[in-house]
Amino acid sequence: MSKTKNLHELVNLLVKALRHKIGALVNPNEIYAQKYAKDADVLMKEAQKVALRENWNNYEKIEIRKELEKKLKIELEKKDFLDSRKFDIMGEEIDKALNFLGLQN
């Protein structure tokens, strides 16, 4: 698989993982919150596997972040049942995820 495809796969996994994690954080009393949190952990482990396939340079790390921010914002806007705090914690959760994967600049 090419590096570009791995980059897009990584971003897509991160979008799903963070969408689920943020959903569980902002609406903790909903019945789906625990399932979302578990799904987020599974998706982060998959993202970690993809991230380890490549040696990412600084330019690619910036691209991953920009694409992730853009796609995650779009996904969170679609989820109108989530509390509006979702946008307040989005940046912090992106930082945590990228740091976890060693992709933080």
Among pairs that include at least one residue of residues 38-71, which meet ring-ring contact (aromatic ring centres under 6.0 Å, His included), considering only residues two or more places apart or in two chains? none

Do the side chains of L14 and L98 get nearer than 4.5 Å, heavy atoms only? yes

Cationic N near anionic O, under 4.0 Å, K78 to E75: yes

Using a cut-off of 6.0 Å, state whether more than 12 heavy atoms not belonging to N55 lie near its atom CG. no

Separation between CG of L52 and CG of N6, rounded to the nearest 0.5 Å: 11.0 Å

Is L7 close to E67 at the side-chain level, that is, under 4.5 Å between some pair of heavy atoms? yes

Does R65 form a side-chain contact (heavy atoms from CB on, under 4.5 Å) with D95? I'd like the steps, not just the answer. CA-CA 9 Å; R65 180 182 202 71; D95 288 342; 2.3 Å; yes

Just how far is it from atom CG of L72 to atom NZ of K16, taken to the nearest 0.5 Å? 13.0 Å

Partner set under side chain to side chain donor-acceptor pair (under 3.5 Å) for K3, not counting sequence neighbours: E60

Give me the atom names and distance for the closest heavy-atom approach of A33 to A24. O-CB, 3.3 Å

Going hydrophobic residue to hydrophobic residue with side-chain gaps under 4.5 angstrom, can you get from F100 over to L25? yes

Exercise: identify the closest heavy-atom pair between Q48 and L101: CA-CD2, 3.4 Å

Among all residues two or more places apart in sequence or in another chain, which pass the side chain to side chain donor-acceptor pair (under 3.5 Å) test with E46? K49

Which value, rounded to the nearest 0.5 Å, describes the distance between R19 atom CZ and I74 atom CD1? 12.5 Å

Could you give the distance from NE2 (H8) to CD1 (I64), rounded to the nearest 0.5 Å? 10.0 Å

Could you state the interatomic distance from OG1 (T4) to CD (E63), rounded to the nearest 0.5 Å? 10.0 Å

For the pair K86 (side chain) and L76 (backbone), establish whether a donor and an acceptor sit closer than 3.5 Å, ignoring hydrogens and angles. yes

Measure the shortest side-chain to side-chain distance between M44 and L13 over non-hydrogen atoms and say whether it is less than 4.5 angstrom. no

Interatomic spacing from CD1 in I62 to CG in L103 - rounded to 0.5 Å: 12.0 Å

All side chain to side chain donor-acceptor pair (under 3.5 Å) counterparts of Q34, not counting sequence neighbours: none

Salt bridge between D41 and K45, side-chain N to carboxylate O under 4.0 Å? no

With sequence neighbours left out, what residues match K73 under side chain to side chain donor-acceptor pair (under 3.5 Å)? E77

Sorted by chain and residue number, the side-chain contact (heavy atoms from CB on, under 4.5 Å) partners of Y32 (sequence neighbours excluded) come out as N27, E30, Y36, F81, L82

